[in-house]
Structures are given as C-alpha cells and as structure tokens.
Number of protein chains: 2
Amino acid sequence: MNKPDEHADQEAPQHTVSIAAVAKRAGVSIATVSRVMNSVSNKASQETIDRVRRAVLELGYRPVGAGRALRQGKSRLVAVLASNMLNPSMAAIAAATETALRSAGYVMVLCDTHDDPKLQDEYLLEMRAQYACGLVLLGAVASDVLRDCVSAGESLVFVNRRNPYGGGRFVGVNNAAAGAEVATWLVQKGCSNLALIHGSVASSATADRVAGFRAGLAALGVELVNNRVFGSNVLDHLQIGYEGIARITGSGGLPDGLFCTSDLIAYGVRRWLEEQRAEVNAIEIVGFDDSPMNPWIAPWLHAVQVPYSKYGNAIVRALASKDEQSIILEHGLVIRPR
Amino acid sequence: MNKPDEHADQEAPQHTVSIAAVAKRAGVSIATVSRVMNSVSNKASQETIDRVRRAVLELGYRPVGAGRALRQGKSRLVAVLASNMLNPSMAAIAAATETALRSAGYVMVLCDTHDDPKLQDEYLLEMRAQYACGLVLLGAVASDVLRDCVSAGESLVFVNRRNPYGGGRFVGVNNAAAGAEVATWLVQKGCSNLALIHGSVASSATADRVAGFRAGLAALGVELVNNRVFGSNVLDHLQIGYEGIARITGSGGLPDGLFCTSDLIAYGVRRWLEEQRAEVNAIEIVGFDDSPMNPWIAPWLHAVQVPYSKYGNAIVRALASKDEQSIILEHGLVIRPR
DNA sequence: CTCAAAAAGGAAAACGTTTTCCTTAGTAGC
DNA sequence: GCTACTAAGGAAAACGTTTTCCTTTTTGAG
C-alpha cells in the first residue's frame, strides 16, 4: 500500500482517455492508433507502433466498448443464460465460463431465466439489443425468440441441455453413457432392488441419463419396474429426492441401489432416510454432477463426476469455432468408500 | 408450442431495427422517437406518442445499448465483482442482484476476482472502459484502482465487506450484533467449553463477527482463551473448519459450543468430527449465512441467517440513492432442534 | 388584439471507435 | 528510367443513440 500522496507516477488517466488523446501524444492519426491496437499488418512502421504502444501505456488507454460495438455492429459481451443460478452446478459452470471468457477478451453477462420461456425471450431480445456477440444457454427452454435466434444463425452454444430445435453447438458430457455406467456399477455391486429418481425430462440431459440407465440395465437383463421409478417436473431437486424416496419406499420397500439424476436429488433422499432413521449405509446412492463440496458434505454419495471446471474453455472454443461441432467432455464415476 | 409456419403475425423484425425505422413508420423524426422512448415531457402530443408507441410495438424496436451508451457516456451495465463465485452465499447474492437489476432496467456483468487485487484492478479498468454505470463489490479487496475509483467518486456499492478505504455505500447485516447474539445463545444454552473458528479477518465482515462474538462473551463474563480460537487466511473455508476443529480439539479437547464465521467452515468441522466418530450431537455448532440448502444437508447446524434474497433490492436501492447510505438488513438466528 | 410563454417537433451535432478510401513515398523488376 | 506494387498513414464516413438548438404553432393573460 503506497501513500496516497506519491501517486504522481502514471495515475493521471483519471477518467476517460480516448483514442484521440493517444493519437495526439504519439503524434499520429487516430486511424493509426486504432490499427496498432488491433494489430493490422502493413499499416504502420515498427517505430510508429512502438511510439503508439508507449503512448497507450503512459495514458492507460483502453478502447471504449460502446464505440467499438457501435461501429462493428457487435460488442464483446457474451450472454450466459442460466436456468437456475442457485443450483451449485450452474454456478460452477458460470464461474468457469467467466474466467475463460475473460481471458479470451470477452465480458460475461449473466442472466437467470428461472427456466421460464417468457423471461428467456426477454433476455434474448435484450442481449440482441446489447449487440452480444455470443449466447451461452445453460439449460435452454423452448421459446419463440430462441427459435428465431436459431434460424437466424446467431452464435449460440447449448450447454448440458441440447437445442430444443435441434442442431447447434453443444457442450456437455455423454449423459447416456454415464447413465449406463451407473447401471452396470450398481448391478455389479450386487444390488438387486434398484430404483431411479429423476427430474424433468424436458431437459435432454436428464432424459439421456434416464434412458442410458434403463438401457444399461436392459443390457444386463435387469428389469426396472415402474413403481421403482419416480420423476417430477418440480424445479427444486431437493424436494424431488425427498418425495421420491418416500414414494418408492412406500410402494415396495427400501431399495438397495439408487440412481439420482442430480446430486441435489440425492441430498433430498438422504434427508428423508435420516428422518426415518433408515439404515442409510445399506443403500448405494449414485448422484450426478459431483459437486466439489461432496467430499465434505456428502461423503456417502457416489456420483458421476462432470468436469465443470473444464466447461469454460470448451464453451469459448465452441463459440469461436466456425462449424457447429459438439464438444463432449469426459466424465468420471466417483465411488466413495464407506 | 405453435407450429413454425404460422408465425407471420409480427415476427418480421429479424435483426436490427433502428430508431430510424421507427421514425419512418410513425412519420416523425428520430428525435421524437427518442423522446417518446425516454418519456420526455412536453415534447410530443398524445397522438404522436400513441403513433410512435404503436410503431415500436409493431417493429419490436428496442434501443441499441451501444448507441445510447456512447452518447450518454455511460451504459446500463452494472458490474458485480465477486471474490469467489463458488461460494454458495456469493452465488445467492449474485442471483438476487441479477433479478433486481434486471427489473430496474440494468444488465449485470459478473466477474470473479478470486480475491486477487491484480485481477480486481483489471476488472475495474475493463468496466470503466465498458462505461459501466455502477460497481457492486461482493467482497472487495484493497487495490490501487479501487482507491482510484473511490476517490473519483464513482458509483460503488460494497456488499458484506466494507470499503477498505472507508466510507461508501454499504449493504450487509450487523455482523457484530449477530456475533454477540451467538455468544449469548451458546452461553444460555449452557455451553461451558466454547470455541471459535474463523476465516480471514481482512474481511470486515469476518472481523466484525469475531469481535461481536468476543464482546458478547465478555459482556457475560465468559472468557475465551487463545487455544480455543482458530483463524486462517486460507480461501477454502471447508478446509479451515476441518483443520480448525482438529487443532482446537487437540489442544484442549472437544468443545461443547462452537461458532463458525461461515456455514462452510461448519461443514468442514462436521466432516472432521464424523471422521473421528465423535459424539457430534454433543456439540452445538452455529454457522453464518444459513444457506437455503442447510435444512437439507445440514439439519444439525444452527446459523445466523443472512437474508440474501433481499440483498438484490437493497443493492439496487443503494446504487440509485444519491447519498452514501448504509443499508443494514435484518438477520435472524436459526436454531434447529435435534 | 397583443405579447409572452409553453407545446410540439425537426435538423444536426456529438459520443469513440473501425474501416474505407485516398495519397505519398519507396522498391523491385524490366 | 519506367511501371507496378507495397508500405505507411491520414481524412472522413459510418454505426445508433441523445440532446442542443432552433422554428413554428398554440395557449393564456392582459
């Protein structure tokens, strides 16, 4: 911490130092400054470049976003539309995305759509008005403006949940394969009374996890009867787990192996079991996401581990890529010893 | 879901509909359109206003942010600089803030400073370049540019952690009072072997909680000896709790009452206790924040409840207010029965 | 009826960039 | 000594707003 008095070194910039100021200081035109800033080749001698660079440093110049955006017809803003920011896995993705975007020179605008098509539309329109140069949908929901954006060929990246209108860039894990792996592990572990609790299948991620789990069981010749499955469209996954395990247990006793399509569902399950004073350790519970807090708050939970910290870079890569590729990241299956 | 064909109602706008288009359609000048949009009084007849409004609706016009920002010298972007977005309580504040900002017509830019002064400076400069009209600091750290912003009188709101340079708008709870309440409750509960585990006191929030707790005990004539206190600057609060309870127990046995300055610290404590197979229910543990997930994942934890969902509106109010007022929100003390 | 003030609204400047034209001076190939 | 071509760089337009002037018309007070 240096004393407030001796800050006469280069703290002059104060507020808005424009390209014109830099040009004047370097003794060149604003066009040249702009070209140096954007490293346009063959438009300035090395000497000029150095002079401009020096002026930029001395004045602490940094291009005003609005000017550039207005001229180019697009800003450096990337909008991230999350369906529910209170969900820890969303927050993890948002955090990783922010870091990756920032180091790629973008600025993240974060919006919470609460899984509401109307609100999503509002945000999409607003971001268009802000000249956002990219849209990241963390759990997209079908909506009119989204369809519009898709068909207009805007720069969209769908994360975890696929484009409800098909196609488009996608970043996520292989949910179906993960579901199947869970099935295999539970069966090999010797569980004979399996159950499944899942959230809304309007999410392609959830739907794939469920389908993969069922397919995995089918491949092993294991049957999953209907009263061993609970699904709900409720947004609060904790609630789903709590209610789901109650229902399942009520109509056929405690299972000995359980797949929950999210960690939160598993937390809800555990809560009910503890309230019932059930023999919790007799049940193998597998969640999905594997929150970094799990080793601390849920050491009893196995989980498909989604590499959220790697999502950021993947999303930036997807945004930058020209073709509509899907980026499938590798998941893991974390088994926690009792 | 309506069929893709019959969308000829008013889906024409496609991409960029500018103020000029609206003006043309309404048969007025762009100046008039602008004035109607910003409801400048005495500049348009009711009839004109209606005509413009109709044109706006029909074309789906919405002012381009960059144009307005450039002209006015400030955008509608509000930057939220969070010290650690993976902390659930930060995420909760961010979510509430986003909603409140949005409904007040602002757009939230979320940045994760990782509690790093250099990164915070980078963000502050970048946001200045983006003409951000407000800065919300969720856990500010002392840094050169921040000092600059403070003395330049920029629109700053400090949340939870106070301005390291003094003054400024502040939103938070009365941490000292809350700490004292915890002390009182623990003593009244009959605990005689108290302990305290806290994070970095560089955060004014933590410092106040600790000071309040100590003052509360002192007022009751209870002494808190040094080997019953553990503090650490480590960022990971889970780790602090885990290590803290180990140290404290090692140098004086298990406490029967414990105050942790964050929920996460308490989670870490619980983990260690369970690993040691300690009689966990013999200890009254009080956390701070009271995450909405606590009833589910930590029903054993008492906690000072911070009304994070109310932070959003308070922050917007603070941003809008002319004078540098502090907004102190009411906290609670949630006691969970065993 | 006169005059001032208010209402209504248009033309154009300004904001800070990027980029399209230009112009000039070298330079390589013949 | 030409002719092309490239390097180097400036002037000015353009992006979409808001706002300052300015003009014309209407209103109200005397």
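Just so it is clear: chains get the letters A, B, ... in the order the sequence lines come, proteins before strands, and each one is counted from 1.
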For this session: Assign A:Ser18 to base, sugar-phosphate, or nothing according to its heavy-atom contacts below 4.0 angstrom with the strands shown.
Result: sugar-phosphate

Exercise. How long is the line joining NZ of B:Lys74 and C1' of D:dT18, in whole Å?
Worked result: 13 Å

Problem set entry | Ion pair B:Asp144/B:Arg147, N-O distance below 4.0 Å | yes

Exercise. In whole angstroms, how far is the C1' atom of C:dA7 from the CD atom of B:Gln46?
Worked result: 14 Å

Problem set entry | Rounded interatomic separation in angstrom, taking CD from A:Glu47 and C1' from C:dA25 | 16 Å

Problem set entry | Base C:dT17 paired with A:Arg68 side chain (donor-acceptor, <3.5 Å) | no

Exercise. Is it true that A:Glu47 and A:Arg51 have a side-chain N and a carboxylate O under 4.0 angstrom from each other?
Worked result: yes

Exercise. Hey, is the side chain of A:Gln72 poking within less than 4.0 Å of OP1 or OP2 on D:dC15, counting only N and O atoms?
Worked result: no

Seminar exercise, completed: By nearest-nucleotide position on DNA chain C, the 5'-leaning member of B:Ser45 and B:Gly67 is B:Ser45

Seminar exercise, completed: Result for side-chain contact (heavy atoms from CB on, under 4.5 Å) between A:Val159 and one of A:Leu137, A:Ile93, A:Leu81, A:Val80 points to A:Ile93

Exercise. Can any side-chain N or O of B:Ser143 pair as donor or acceptor with the backbone N or O of B:Gln120 at less than 3.5 Å?
Worked result: no

Exercise. For D:dT17, does either OP1 or OP2 sit under 4.0 Å from a side-chain N or O belonging to B:Tyr61?
Worked result: yes

For this session: Rounded off to whole Å, could you give me the CZ-to-C1' distance for the A:Arg51 and D:dA8 pair?
Result: 12 Å

For this session: Ignoring hydrogens and angles, tell me if any N or O in the side chain of A:Ser203 forms a donor-acceptor pair with the backbone of A:Arg161 under 3.5 Å.
Result: no

For this session: Whole angstrom is fine here: how far is it from CE in A:Met37 over to C1' in C:dG16?
Result: 13 Å

Exercise. Given atom CG of B:Asn42 and atom P of D:dT24, what is their separation to the nearest angstrom?
Worked result: 21 Å

Seminar exercise, completed: Out of D:dG9, D:dA7, C:dG16, minimum distance to the side chain of B:Leu70 belongs to C:dG16

Problem set entry | N or O in side chain of A:Thr32 less than 4.0 angstrom from D:dA8 OP1/OP2 | no

Exercise. Any donor-acceptor pair under 3.5 Å between the side chain of A:Arg35 and the base of D:dG10?
Worked result: yes

Exercise. What is the nucleic acid contact for B:Ser34, judged by heavy atoms within less than 4.0 Å: base, sugar-phosphate only, or nothing?
Worked result: base

Exercise. Between B:Ile30 and B:Tyr131, who's closer to the 5' end of DNA chain C by nearest nucleotide?
Worked result: B:Ile30

Exercise. Is a side-chain N or O of A:Ser151 found less than 3.5 angstrom from the main chain of A:Asp148, in a donor-acceptor match?
Worked result: yes

For this session: Classify the nucleic acid contact of B:Val28 as base, sugar-phosphate or nothing, counting any heavy atom under 4.0 Å across all strands shown.
Result: sugar-phosphate

Exercise. How long is the line joining NZ of A:Lys24 and P of D:dG10, in whole Å?
Worked result: 16 Å

For this session: Indicate, with a heavy-atom threshold strictly under 4.0 Å, whether A:Ala66 touches base, sugar-phosphate, or nothing.
Result: nothing

Problem set entry | Contact nearer the 5' end of DNA chain D, comparing A:Lys43 with B:Ala31 | A:Lys43

Seminar exercise, completed: Taken to the nearest whole Å, CZ/A:Arg62 to C1'/C:dT18 is 19 Å

Exercise. With no angle test and no hydrogens, is the base of D:dT17 tied to the side chain of B:Arg71 by a donor-acceptor pair under 3.5 Å?
Worked result: no

